[in-house]
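Notes follow once the structure below has been shown.
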Amino acid sequence: MLKVKYIRNNTEIVKKGLLKRNWSPEEINIVDEVLLLDEKRKSIQHKKDQLLSEIKTLSKQIGGLMQSGKKEQVEQIKASIPQIKKQIKTLDEEGGQVYAKLEELLLSIPNVPHDLVPPGKTEEDNYVYKDWTGPMPELPEDALPHWELAERYGLFDFKLGVKLTGSGFPVYRGKGARLERALINFFLDQATTAGYEEIWAPLMVNAASARATGQLPDKEGQMYHICKDDLYMIPTAEVPLTNIYRDVILKETDFPIKLTGYTPCFRREAGSYGAHVKGLNRVHQFDKVEIVQLQHPDHSWETLDSMVKHVSHVLDRLELPYRIVRLCGGDLGFTSAMTYDFEVYSAAQKKWLEVSSVSNFLTFQSNRLKLRFKDKEGKIHLAHTLNGSALALARIMASLLENNQTPKGIVIPEKLRPFTGFDIIQ
RNA sequence: GGUGAGGUGGGUGAGUGGCUGAAACCACCGGUUUGCUAAACCGGCGUACUCUCAAAGGGGUACCGCGGGUUCGAAUCCCGCCCUCACCGCCA
């Protein structure tokens with residue numbers, strides 16, 4: 001969420017940002033509406049504060065008069081108070097409406113894209129920041145997609161998942177399960193080696209946490225909700241990891257804070273079916289290792305670069321062909337100022353699969369999180385938050401299986417072998 | 001699930017209707033001094049919104065788990081909710 005103060009001081013920048021996100025001129029008008037409502041809010045608040053102050057002063061007088069026993073004067077003052085209260089009540093009602101509307105509009109305004117974010121509407125317009133220059137995997141014509149490979153080698157089973165839970169809940173078994181666990185360990189080791197603190201977090205969060213990282217209210221439908229206890233299954237480890245620092249005021253010297261964590265991720269994401277979401281490409285439950293950084297505003301862009309490097313490094317070690325794209329305005333997430341997506345090429349499906357998304361949110365998240373830091377002069381500022389997948393397992397699994405299939409079996413990348421304990425799936 | 005206790009500033013903790021935005025201590029920051037990895041002393045030390053000011057600063061309001069109520073006035077009284085802790089029950 002953007003601060004009104006920021007919108008007021010940077011009105012044109014905000015509007016340009018919305019334009020880049022393909023908002024129509026009418027839609028962009030809400031920016032002016034916000035400023036207007038805020039003016040209203042201020043003037044109402046100011047009036048109310050004055051009235052409250054008046055009551056406070058009178059009350060203090062009464063305190064004094066009571067002690068000296070001047071009851072008549074006390075009664076006189078008391079008599080004047082109901083009408084002040086009446087005014088306050090009116091202002092409260094008015095102010096409540098203004099505030100609610102203001103809040104609603106503010107929640108609907110997305111983050112301002114960075115200058116480097118290319119204009120555009122769909123993923124077609126994304127800018128290929130780093131293309132794959134190495135060799136492409138060459139597979140025979142009869143190469144199989146991962147869901148068929150899984151069946152042939154008994155690695156995971158969707159039908160069984162349906163029996164246990166429902167569609168989109170794969171059951172991994174045998175070497176498939178082992179490979180999944182190996183990848184998790186490998187990713188976590190990569191992250192901790194890079195200086196990230198490992199966190200083992202709860203998989204359910206309360207509403208306050210979901211709200212702070214922006215899943216509520218806008219993405220309520222994407223989360224599984226346990227009604228009885230009012231808890232939400234996390235859609236990503238970003239939620240618990242980032243919320244560790246909700247309502248925290250850091251010291252400048254605490255930066256950077258680097259966290260990593262493995263969690264399963266739960267996504268309802270109803271509505272999209274078909275070939276492109278087949279197999280592991282899109283599921284309700286998948287595993288992911290997330291990296292999160294909290295950073296000083298002066299350094300968050302370098303940090304974004306370093307996170308991109310980290311993910312690249314991990315993919316290099318898995319020997320997967322990938323490219324990095326910078327998302328265009330239309331494809332950019334609501335809360336992000338800039339996002340790099342990593343796409344791994346799957347030779348059997350003959351397409352690029354998104355496996356990681358690394359973003360800088362600037363202060364957009366920290367504003368709702370109330371994640372701040374104190375500078376040398378003791379002034380309080382919002383920190384910057386960043387996060388990225390390093391990496392999402394399901395699609396890595398898919399592309400790994402597909403790209404590494406040989407007539408003899410599926411070959412495990414060398415760096416992963418210490419984690420799997422086998423070099424080939426036969 | 002049952003019973004009991006409790007939620008106050010970074011921490012410990014005082015405070016049961018006005019002089020309390022909140023004692024004291026610890027931590028932290030600044031300074032003085034002492035020849036020794038430290039002590040003593042002095043000073044400072046919440047957040048948000050807002051008004052004013054060129055700025056430094058000054059003023060106002062709100063916040064003592066959350067929401068509501070009583071009252072001229074609430075951290076303090078009343079109601080509802082949430083959470084934490086302890087013990088019992090159940091259990092990986």
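Letters A, B, ... are given to chains in the order of the sequence lines, protein chains preceding strands, and every chain is numbered from 1.
In this structure, A:I410 and A:I424 have side chains that are not in contact, with every pair of non-hydrogen atoms separated by 4.5 Å or more.
Crowding of A:E123 atom CD: a count of heavy atoms from other residues, nucleotides or ligands under 6.0 Å not exceeding 12.
With both pairing distances under 3.5 Å, B:U32 is matched to B:A40 as a Watson-Crick or G-U wobble pair. Across all strands shown, B:C85 forms a Watson-Crick or G-U wobble pair, both distances under 3.5 Å, with B:G4. Pair assignment for B:G67 gives B:C79, based on Watson-Crick or G-U wobble hydrogen-bonding distances that are each under 3.5 Å. Across all strands shown, B:U47 forms a Watson-Crick or G-U wobble pair, both distances under 3.5 Å, with B:A62. Here B:C25 sits opposite B:G11 as a Watson-Crick or G-U wobble pair (both hydrogen-bonding atom distances under 3.5 Å).
Summary of the strand contacts: A:T57 and A:R372 both lie near RNA chain B, and taking for each the nucleotide with the nearest heavy atom, the more 5' one is attributed to A:R372. If you find the closest nucleotide of RNA chain B to A:K3 and to A:S53, the one lying nearer the 5' end belongs to A:K3.
In this pair, A:H146 and A:F156 present their aromatic rings tilted. The plane angle is within the 30 to 60° band.
Taking the P atoms as reference points, B:G69 lies 33 Å from B:G13, given to the whole Å. Straight-line distance between the C1' atoms of B:G18 and B:U32: roughly 41 Å, to the nearest whole Å.
Proximity note for A:K5 (side chain, C-beta onward) versus B:G18, B:U50, B:A48: the nearest is B:U50. Distance from the side chain of A:K56 is smallest for B:A62 among the nucleotides B:G60, B:A62, B:C49.
Residue A:K85 places at least one side-chain N or O closer than 4.0 Å to OP1 or OP2 of B:G73.
Contacts of A:I77 with the nucleic acid, taken as non-hydrogen atoms under 4.0 Å apart, are absent. Residue A:K374 is classed as a sugar-phosphate contact, given heavy-atom separations below 4.0 Å to backbone atoms only. Among the heavy atoms of the strands lying under 4.0 Å from A:I62 is at least one base atom, whether or not backbone atoms are also near.
To the nearest 0.5 angstrom, A:K258 atom NZ is 9.5 Å from A:Q295 atom CD.
A:D230 and A:H225 form a side-chain donor-acceptor contact under 3.5 Å, judged by distance and modelled atom types alone.
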